[in-house]
Amino acid sequence: MSNTLLFVIVIGATLMLVIGGAVTIAITLYRANRLIVSEVVLPHLEKVMGARLPSQPVELINRKEEMRFTFEGNEYSAFKGDTIASALAASGIKIFSRSFKYHRPRGLLCCSGHCPNCLVQIGDEPNVRACRQRVAPDMIVKPQNVTPTLMWDLLAPIMRFLSPFMPVGFYYKTLYRPKWIWKVAEPLLRAAGGLGKASHSESPEDTFDKQYLHGDVVVIGGGPTGISAALSAAGSDAKVLLIDENDQLGGYLRIKAEAKDVVDELCASVYAHPNIQTLTETTVTGCYDHNWLAATHGDRLYKIRADKVVLATGVVERPLVFDNNDLPGVMLGSAAQYLLHLYAVRPGRRAVVVTANDDGWDVAADLHAAGIEVVALADERERAACSSAKMESLEAELPVFWRHIVTSAHGNTAVNAATIAPLESDGSLTTRRTRLECDLLLVSIGWTPNTGLAYQAGVEFGYDEDRAELMARNMPDDFIIAGRAAGTHMLEHQITEGALAGRRMASAAGYGDAPTTSEWTFVQEEKKREVTRSSQRTIVKGSSKRFLCYCEDVTDKDLTTAVAEGYDSIELLKRYSTISMGPCQGKMCSMNAVHLCAHANTSTVDETGSTTTRPPMTPISLGALAGQNMEPVRITPIHDWHLGQGAKMMVAGLWLRPEHYGNPTEEVRAVRERVGVIDVSTLGKYKLTGPHVPNILEKVYTNRWRQLAVGRVRYGVMCNAEGIVIDDGVTARFDEREWYMTTTSGGAGAIYEWIQWWMQSGWGDGVQLINRSDDFAAFNLAGPKARTLLKELTDIQLDNKEFPYMHVRSGVVAEVPCRLLRIGFTGELSYEIHCPASYGQHLWEQLLQAGEQFGIMPFGVEAQRVLRLEKGHLIIGQDTDALSNPIAANLEWAVKLEKDDFLGQRSLLRVVENGLKQRLIGFKVNETGPTPEEGLQIVSINSNSKQRKIIGWVSSCRFSPTLNQVIGLCWLPTEIADVDGAEFIIWREERALTAHVHHGAFYDSNGAQLRS
Amino acid sequence: MSRMWQVHELRDRYDAVIIGGGAHGLCCAYYLASEHGINNVAVLEKRYIGSGGSGRNTAIVRSNYLTPAGVRFYDASLKLYERMAVELDINVMLSQRGHITLAHNDISLRTMRRRAEVNRLQGVESRLILPDEIKQLCPVLDVSDRPRYPIIGALYHPPGGIIRHDAVVWGYAHQADAHGVHIHQMTEVTGIEVSGAKVTGVKTNRGQIKTETVLNATAGWCSTISAMAGLRLPVITSPLQAAVTEPLKPFLDVVVVSGSLHVYVSQSDRGELVMGASVDPFPSYSSRGSLDFAESLASHIIELMPGLQRVRLMRQWAGIVDMTPDYSPIMGFTPVEGFFVDVGWGTYGFKASPIAGKMLAECIATKRTPDLITPFSLSRFNEFDLMGEAGAASVGH
């Protein structure tokens, strides 16, 4: 079939959507005509009459508390304790969702939170499992992925029409030739994709939190095995966490009225035990490295460090693949039992039960006892293989079909009949068929152990062909599987195995004695003698669609075709067909898919393997994972003062810093003409002590430090091993043994780690490195009046002779002990004053008060950028990038290549040997006009072709109020950069802007101001 | 039903052996066979094709890199992606829905402008946009002052987008196979035979192969494979993780990247949000997902898009990536004659697979390095002529 034809079909389908809605409904009505009584009238009757049974012994609902909620705009009632699914089922609702691809109607299937069939939207929350979500009063529940309603979904007939043209891999095979088709088709496909709707809210609406928990033995699953394991581990004195996803313990026993007393007793022992902490309604979603467990409880994420784990997560009932096996009304046996016992809901009126184990007999017995007509119990087995205690009594009361299997479900939007067929002695289908009218088709043919967490813990599984179940092949020392998840189906074996597993893990955690090998082996041997619970059969061939994957609408035919096309390993099969990639993550389909893949390749289940089980086991909300926002904010000691002065704050790494206080140009003028002060408390500030401090400085800085005299300050550049500039700053020497290093604000954290890393890697030399960044406030007082001002606040000798440029002094300023570094990033006479952080605001205010007479102004980061640019100083990370070495960055004077080993030396020797290609250099823009933005490219324009070639870029550029012109720093090829005055072109908004190279500082190039 | 690729016996001898059945290796095989007439080629894959980085990445394609050489190279790749479906006869579902890289501070805004300028001068559509326009392109983003790191601008790259990554692998496999290439899955290389600084053969778990030409097109194991040929690579290997949410109705049209928050997210046509972050903070060969990753990813996504609190994460996984010191790959000749590399792809390998494969095929067939990949040669580490993509590539998905 050609692409063009297909495209026409897609377009046609869309047109149908847009203009043919009414026609489509008519067609649907016509098709549904024959069934309208059974599928529309009867359910309506059900809605009116209700499907709620009289009180059941173990029901979870409280009939005294009734509430209302809406589903698809209609109001329904629920009892307290009802899930959305049970309440709707009690009102006779059969269709809960439309399938992902074909928009087929889907009803309750598993009722245990695994399958995608009951996903609904609740308010702003998409993809909620209706079978696990309890009804809250006035809840607004909507179906998902329906156009426009569940019952009348316009896409359903369209997809039914298109589906024969959409084999597996359809999207890969079509809609790409000619190229424009995809551009048209993709938006249509995209619109059809997805399930629920995400909220567009602009602020986080709910508060999620996290809690850390610890346990010597963490038991996952609170069924009989888990309870037994918890009690025995706790009996050994281990601290036990018992976790279950339901609101009460008991596991599968919860649905058994006859076990109610036993369960109550067990629960009482658990709750009474001081060593057991029980977490109900808590779902373990992942087992990460070293038993690091994630679990959710409502909006809380538990992060659990488990010393040992007992996995007692039980089983998931396995669907059978047969014609129309996805029709609403086709349900897993256990699902019907949940509805019946826990919520007193009648899952149907006339049931066919299809089974291959004794569990199906329990299902039939439960239905029968509840007054539901069982029109057939079809057992795949010989009568002799059945060991159900209920066999004889049921045989007397129900039509039992031995050696029969279901071949098809019938109905349009819900089951109205089922066909069963007898089997030949070799297990193949005979040609005889029996059609049975029914509205409920229950399948109970086998179990898949719920072992995803075990896979994540490193357990490997092998397929036991006789039992048709996965069994663990190995077990890590700190993790054990027990109970139904380990293939133990009989209650007494579960209790024994659970107890032994609990003791074993407790002992491994250091509490009590481990069971003896013979004890353990005995129960393992015993359980091997149990009757098989799972059928070998996974697929019953027929003539209609048979679904393996309910999430993605993948049929057995799709998979067989895919294997034949070469996607013959289970992983390729998954990626091509998308089986197991939907919301259930393979819980419903994995085993069946592996079987099919093995069969198609004529290989075994073991050889086929399985896809990797990834966390989370149960989807987990982003809100729960995120918890509360713990992003730290760093503020300086005078943050509030800045805010009070109306400073415009900017984000600088983790810091908030004043960008300016209203007029950065005036701030620049104040510094140049009078005096200004800037809060530089954000700088990294480290104390280094020890006789060998110069050794580490010599290694991490590119210049020399050994000869630095006491009382002096020196500028230094740091490189990484590749010779790339990573930080700069000044370091002062207070005395023989104590040094004080400052780093850039951005590098404050990272450089501390960087130096620590090298010190701990062998360069420590007894040096103590202490990060004192938070301990000190620091202010840079700059401007011609800086000295005069400071003299009013301190007795420290400030005259140029006593305290020259690049020196450090300690003393008292405004009654505060301070350290003064005379340095000059701004290019003016300036003192960087460091004082204990707690005195920061006092000193800051004193400086401003004393400076009032001199016209002092506080200045922010923006003014500082202009000031340093006028002086030609670079900013690491702005004027340098991941390729900038200090030699090219005009810092050659601070690189002493000939000294002993230092970080970056080897690379920088190469740089010198190879010669520089580019250099950082100052420039002035020739014309007046807009200031080129930082990041603009410098180009050479070929005079003939007009082609522009990138040769450099602008890293800093500002209008200088001092020089009254635009100045900047840029990277240029050395041949241009080396020529003072050389012209070049900055490309700005499709226009050439001419600039020229400027050597040296733009302001005070001889440093007179600085040293004044 | 015809198979997309055949199953073959391992031959004793191949003209070229490509180690690694991902998009890179299969693409190179395809070009060797289709453009250079070298058909006696084996692609050896330890597991199934596309099982490594090709099937684990977040399927983003773009060409808005920082260095002129990088932009030129990745743009050539994007061009090949644009015509790939027709050329390989498979719908790779290229969806050029636009790519925005958010800036949360002045430093990144400056880098964005630099990238935009470099891109535009090289003919790549790319520009700086402000919060109003960001909001139009992506209504779920919170562009207010509320977040810890407010969004102040973004680099907008309209041709960037997403693609079906597995289809790329299958397409190359199919066409390589059609041109006679042998694709050997479940075939693990256990040794490389070198004699007199020349490659002479490859040892596998299925037997020996004689060959004079070997291409190392692996990711995660590129240094261990190279070590088999006696070659050390300047590579550090770390996990790179990703995750998807349950499917949602379409609401996120563009690919959104935040370097400052270390996160990138797009919505697939199926409706899942496909999300990733920067490489794990320590070297490892583990391909297991971690809880820390899921937590920080979720926290950053919600910081950007607060409405997604109740959206559920469905699956997380990890791949293994080889990082070079200059965040750029290593392609071409090595000191071992006949041993070629297409490695060190860090977090950007998938985007480059078509052009890398094509160039490596040319390199192997013509025995000279094509201009486009000269800047990426192994010798640059000796000559200290490094690439400068760290700023654009480190979290730049």
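We use all heavy atoms of the structure for the numbers below, so side chains are in, but hydrogens, waters and symmetry mates are not. Naming convention: chains lettered A, B, ... in sequence-line order (proteins, then strands); numbering from 1 in each chain.
Formation of a donor-acceptor pair under 3.5 Å by the B:Arg288 side chain with backbone atoms of A:Arg614 is not found in this model. A donor-acceptor pair under 3.5 Å is formed between the side chain of A:Trp182 and the backbone N or O of B:Leu94. With B:Asn91 contributing its side chain and A:Thr174 its backbone, the two residues share a donor-acceptor pair below 3.5 Å. Judged purely by atom type and a 3.5 angstrom limit, A:Asn127 uses its side chain to pair as donor or acceptor with the backbone of B:Pro247. With B:Arg315 contributing its side chain and A:Pro616 its backbone, the two residues share no donor-acceptor pair below 3.5 Å. Between the side chain of B:Gln309 and the main chain of A:Asp206, a donor-acceptor pair closer than 3.5 Å is present. Looking only at distances, no side-chain donor or acceptor of A:Tyr172 sits under 3.5 Å from a matching main-chain atom of B:Val92.
Looking at B:Ile301, the atoms closer than 4.5 Å to chain A (heavy atoms on both sides) all sit in the side chain, from C-beta outward. If you measure heavy-atom distances from A:Asn914 to chain B, the contacts under 4.5 Å come from the side chain alone. Of the two parts of A:Phe100, only the side chain, counted from C-beta on, holds a non-hydrogen atom closer than 4.5 Å to a non-hydrogen atom of chain B. Only the side chain of B:Ile107 comes within contact range of chain A, with at least one heavy atom under 4.5 Å from a heavy atom of that chain. Looking at B:Arg146, only its side chain comes within 4.5 Å of chain A, counting heavy atoms on both sides. Of the two parts of B:Glu303, only the side chain, counted from C-beta on, holds a non-hydrogen atom closer than 4.5 Å to a non-hydrogen atom of chain A. Only the side chain of B:Pro150 comes within contact range of chain A, with heavy atoms under 4.5 Å apart. Residue contact with chain A, scored on non-hydrogen atoms closer than 4.5 Å, involves the side chain of B:Ile302 exclusively. Heavy-atom distances place the backbone of A:Ser955, and not its side chain, under 4.5 Å from chain B. With a threshold of 4.5 angstrom between heavy atoms, A:Met581 approaches chain B through its backbone and through its side chain. Using a 4.5 Å cut-off between heavy atoms, B:Leu252 touches chain A through its backbone atoms (N, CA, C, O) alone.
Side chains of B:Arg270 and A:Tyr171: a donor-acceptor N/O pair is absent below 3.5 angstrom, by distance only. There is a side-chain donor-acceptor pair under 3.5 Å between B:His300 and A:Glu631.
When each of B:Val140, B:Val118, B:Asp142 is checked for heavy-atom pairs under 4.5 Å with chain A, B:Val118 comes out on top. Residue with the most contacts toward chain B among A:Asn629, A:Val633, A:Leu936: A:Val633 (heavy-atom pairs, distance under 4.5 Å). Per-residue heavy-atom pair counts under 4.5 Å with chain A were compared for B:Gly55, B:Ser95, B:Ala243, and the maximum is reached by B:Ser95. Residue with the most contacts toward chain A among B:Gln96, B:Arg312, B:Met305, B:Met314: B:Arg312 (heavy-atom pairs, distance under 4.5 Å). Taking chain B as the reference chain and counting heavy-atom pairs below 4.5 Å, the highest number among A:Lys197, A:Glu722, A:Gln585, A:Arg948 is found for A:Gln585. When each of B:Phe381, B:Phe251, B:Trp5 is checked for heavy-atom pairs under 4.5 Å with chain A, B:Trp5 comes out on top. In terms of heavy-atom pairs under 4.5 Å with chain B, the best-connected choice from A:Asp568, A:Leu301, A:Val939 is A:Asp568. Of the listed residues (B:Ser144, B:Ala318, B:Gly307, B:Gly271), the one with the most heavy-atom contacts under 4.5 Å to chain A is B:Gly307. Each of A:Gln144, A:Glu659, A:Arg129, A:Lys101 has some count of heavy-atom pairs under 4.5 Å with chain B, and the biggest count is that of A:Arg129. When the candidates A:Glu125, A:Glu552, A:His200, A:Arg910 are compared by the number of heavy-atom contacts under 4.5 Å with chain B, A:Glu125 comes out ahead. In terms of heavy-atom pairs under 4.5 angstrom with chain B, the leader among A:Gly623, A:Gly193, A:Pro615 is A:Pro615. Note on B:Arg113, B:Gln6, B:Gln185, B:Arg47: by heavy-atom pairs under 4.5 Å with chain A, the leading option is B:Arg113.
Looking at B:Glu295 and A:Lys303, a side-chain N of the basic residue comes within less than 4.0 Å of a carboxylate O on the acidic one, giving a salt bridge. The existence of a salt bridge linking B:Arg110 and A:Asp881 is excluded, since no basic side-chain nitrogen approaches an acidic carboxylate oxygen closer than 4.0 Å. Under a 4.0 Å N-O distance rule, the pair A:Glu933/B:Arg114 does not qualify as a salt bridge. Taking the charged nitrogens against the carboxylate oxygens, B:Arg3 and A:Glu565 have no contact shorter than 4.0 Å, which rules out a salt bridge. Ion pairing between B:Arg310 and A:Asp124 fails under the 4.0 Å rule for side-chain N and carboxylate O.
Once rounded to the nearest 0.5 Å, the distance linking CG of A:Leu625 with OG of B:Ser296 reads 10.0 Å.
For the pair B:Asp292 and A:Trp292, the minimum side-chain heavy-atom distance is below 4.5 Å. In this structure, B:Glu117 and A:Arg988 have side chains that are not in contact, with every pair of non-hydrogen atoms separated by 4.5 Å or more. Looking only at side-chain heavy atoms (C-beta outward), B:Val169 and A:Arg575 stay at 4.5 Å or farther from each other.
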For B:Val86 and A:Lys179, what are the C-alpha separation, side-chain angles and deciding distance, and is it a side-chain contact (heavy atoms from CB on, under 4.5 Å)? CA-CA 7 Å; B:Val86 173; A:Lys179 250 170 87 174; 4.1 Å; yes
Could you go through B:Lys249 and A:Leu195, starting from their C-alpha distance and side-chain angles, then the distance that decides it, and tell me whether this counts as side-chain contact (heavy atoms from CB on, under 4.5 Å)? CA-CA 6 Å; B:Lys249 282 290 166 199; A:Leu195 294 173; over 6 Å; no
I would like to know whether B:Arg97 and A:Arg190 meet side-chain contact (heavy atoms from CB on, under 4.5 Å); could you show each step before the answer? CA-CA 12 Å; B:Arg97 43 189 54 261; A:Arg190 193 172 172 86; 3.2 Å; yes
I would like to know whether A:Tyr176 and B:Asp89 meet side-chain contact (heavy atoms from CB on, under 4.5 Å); could you show each step before the answer? CA-CA 8 Å; A:Tyr176 60 90; B:Asp89 210 13; 2.4 Å; yes
For A:Glu202 and B:Lys135, what are the C-alpha separation, side-chain angles and deciding distance, and is it a salt bridge (Lys or Arg N to Asp or Glu O under 4.0 Å)? CA-CA 11 Å; A:Glu202 292 195 358; B:Lys135 188 77 186 169; 2.8 Å; yes
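Between B:Asn105 and A:Val651, the shortest heavy-atom distance links the atoms CB-O, 4.0 Å. Between A:Ser199 and B:Leu308 the shortest heavy-atom distance is O-CD2, 4.1 Å.
B:Ile236 CD1: 12 or fewer foreign heavy atoms inside a 6.0 Å radius.
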